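Below is one structure, written out as structure tokens, with a few remarks after it.
Below, each value reflects all heavy atoms present in this structure, side chains not excepted, and no hydrogens, waters or symmetry copies. Keep in mind that this is a model prediction, so the values were computed, not measured.
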Protein chains: 2
Amino acid sequence: MTRARGGERADRREDHDDETTFLAAYDLTAYPRPALTVDVAILTVLEDAIHALLVQRPSQPAKGQWALPGGFVGLDESLPDAVERVLARETGLTGVYTAQLATFGAVDRDPRGRVVTVAHYALVPAGTLVDAVSARPATLLARVDASPGGGPGGFSVRGPEGELALAFDHREILTEALARVRWRLWHAPVAFALLPEEFTLLELLRVYEAVLGRSLDKNSFRRRIRASGLVAPLGRRREGLRARPAELYRCAGPDADP
Amino acid sequence: MTRARGGERADRREDHDDETTFLAAYDLTAYPRPALTVDVAILTVLEDAIHALLVQRPSQPAKGQWALPGGFVGLDESLPDAVERVLARETGLTGVYTAQLATFGAVDRDPRGRVVTVAHYALVPAGTLVDAVSARPATLLARVDASPGGGPGGFSVRGPEGELALAFDHREILTEALARVRWRLWHAPVAFALLPEEFTLLELLRVYEAVLGRSLDKNSFRRRIRASGLVAPLGRRREGLRARPAELYRCAGPDADP
DNA sequence: TAGACTTATATGCGGTGCGCGTATATGTGT
DNA sequence: ACACATATACGCGCACCGCATATAAGTCTA
């Protein structure tokens, strides 16, 4: 230890030269390595149910099957950049809330060979997502019905034609995304990403119920949300509905925590 | 839609042939792609403080610097397999609790070029880790002192010689690992992975305090833990200490949740 | 236009869990 | 025998949540 510290400065200079020459000669691509993709589970709450945006694969492999939007990660783009690019390319969406979910690396998860995917989820207001889907062919919003008692992953993915089988391991990714969003709902202000800027407390409640898959008490919910300080009343009301107009709120909390 | 459904069976056969020929001709490796590694933040609680196992890099790049154990992901191994291999190779540890943390893909995070790493964390009882470190040169247990008020990432990593600068973005990974373990402490039975099979409630309390970075009330803690049903008394006691012997417990809960 | 209906909002009550203080039990050390 | 240290049990009060109830303020309909 003492000897090593005595030569510290000289060693450091020597190491720097070593590293420079090492890096000049180093070829990362000399070794076999997996391919890397990002996949995004784009979720929303529509008609009191979770929906996921799916795209019909336009080319091999799994051509014609429904899948999560995804794509290969470029050499010069970060993971968030890759997600942003994929979202824009396959759905036209920009500026949406996204977060990393988990990385899936089963050896046989892609028939093309070894492909590891960094799965993400995105939360989008229903209106935005409906517009995006209707503007694109070969995309749909699949209703994801999760029965909380139905065990892990015990949910159905339904399109207009009925139950859908997802390509690759995308059903597994969707399962994880659902669990993650449920988990974060109470601990991070993610629900607001699923609503337009202005919303009523009942609309917020519906989002919570849809995500959690169970009904919540309206009074307790009001108290909790208002006490949390995450919403601020706007002083205006949503009128023209069947009953007393409800106060409009907006998200007010500083975004938070891991 | 109707047309597509009418030809479904024939299409499927055709698609299968297409996919087979497609896959035969497909070369995943034809496109540039990042290299992929796994890195593991191996954590324990020693002397009422969190410690992380670090290895001194034996070769370029960042030669001589302290880093988290890690290695490239092989073409034929899953991510858990890669983690297991790396742990065994660099620390000799086997059969420890590991979980995926997050994937770090900043373009410039590795001087060799584009290297994306799937970061994991491992939780190991202090005794096991002390043994592993003392059996290997160029490894150490660095004390990680986190002041909860010190802002995000506001912690120190200290070896016997003082503060350490970690290689690559490993300090960032350590930050995330710490936050994740804190987050999970109350929601999943992770604390037991940091203790030997048999432990007293005070020892469990010390683990919680070390991970959370703050003191907890002993009485409330007892009630919460016992009411949680995650521990079962063994009927034996830890004797020979300075005071009344404490009941020994073991982890009893079914492992749980994402 | 009056009343039914629907939804919004406020308030009160009781159980539960947790922070905190206190009392008692049971070992070690002098 | 006594002090001392820790383990364990219990009680009190507060905060929060589920639940019920009351009132407000609109729309809808006869």
Original post:
Above 12 or not: heavy atoms from other molecules or residues under 6.0 Å from CD of Glu197(B)?
Top reply: no
Original post:
Sequence neighbours excluded, which residues qualify as salt bridge (charged side-chain N to carboxylate O under 4.0 Å, His left out) partners of Glu247(B)?
Top reply: none
Original post:
How close or far is atom P of dG26(D) from atom CG of Leu248(A), stated in whole angstroms?
Top reply: 14 Å
Original post:
Please give, in whole Å, the distance from dG19(C) C1' to Glu209(B) CD?
Top reply: 14 Å
Subject >> Gap between atom CZ of Arg143(B) and atom CD of Glu47(B) - 0.5 Å precision >> reply: 7.0 Å
Subject >> Selected nucleotide, minimal atom distance to Asn219(A) side chain, candidates dA10(C), dG18(D), dG19(C) >> reply: dA10(C)
Original post:
Which whole-number value in Å describes the distance from Arg226(A) CZ to dA8(C) P?
Top reply: 13 Å
**OP:** Could you check how far CD of Glu247(A) sits from C1' of dT7(C), rounded to whole Å?
**Re:** 14 Å
**OP:** Counting heavy atoms from C-beta on, name the nucleotide in dT6(D), dG19(C), dG27(C) closest to the side chain of Arg237(B).
**Re:** dG27(C)
**OP:** Please report, rounded to the nearest Å, how far the C1' atom of dC17(D) is from the CD1 atom of Ile225(A).
**Re:** 13 Å
Subject >> Phosphate-side-chain proximity, Arg244(A) and dT6(C), N/O vs OP1/OP2 below 4.0 Å >> reply: no
**OP:** Identify which nucleotide among dG18(D), dT26(C), dT7(C) has an atom closest to any side-chain atom of Lys218(A), counting heavy atoms from C-beta outward.
**Re:** dT7(C)
Original post:
Is Glu209(B) paired with Arg206(B) through a side-chain N to carboxylate O contact shorter than 4.0 Å?
Top reply: yes
Original post:
With nearest nucleotides of DNA chain C determined for Ala243(B) and Ser220(B) from heavy-atom distances, which residue corresponds to the more 5′ nucleotide?
Top reply: Ser220(B)
Subject >> dT28(C) OP1/OP2 closer than 4.0 Å to side-chain N/O of Arg242(B) >> reply: no
Original post:
Do Arg250(A)'s NZ or CZ and the ring of Phe192(A) fall within the cation-pi criteria of under 6.0 Å and 45°?
Top reply: no
**OP:** Quickly, which of Leu202(B), Leu212(B), Leu195(B) forms a side-chain contact (heavy atoms from CB on, under 4.5 Å) with Val207(B)? Name it, please.
**Re:** Leu195(B)
**OP:** Would you kindly give the CG-to-P distance between Leu202(B) and dT8(D), to the nearest whole Å?
**Re:** 9 Å
**OP:** Sort out for me which residue in Thr103(B), Thr98(B), Asp81(B), Leu79(B) forms a side-chain contact (heavy atoms from CB on, under 4.5 Å) with Val38(B).
**Re:** Leu79(B)
Subject >> Below 4.0 Å: OP1/OP2 of dA9(D) and any side-chain N or O of Arg222(B) >> reply: yes
Original post:
Closest to the Asp217(A) side chain: dC18(C), dC19(D), dT6(D)?
Top reply: dC19(D)
**OP:** Using atom CZ of Arg223(A) as one end and atom P of dC17(D) as the other, report the distance to the nearest whole Å.
**Re:** 8 Å
Subject >> Leu201(B) CG to dA7(D) C1', straight-line distance once rounded to whole Å >> reply: 10 Å
**OP:** For the helix from dT1(C)-dA30(D) to dT30(C)-dA1(D), measure the angle between the helix axis at one end and the axis at the other, each built from five pairs, rounding to 10°.
**Re:** 10°
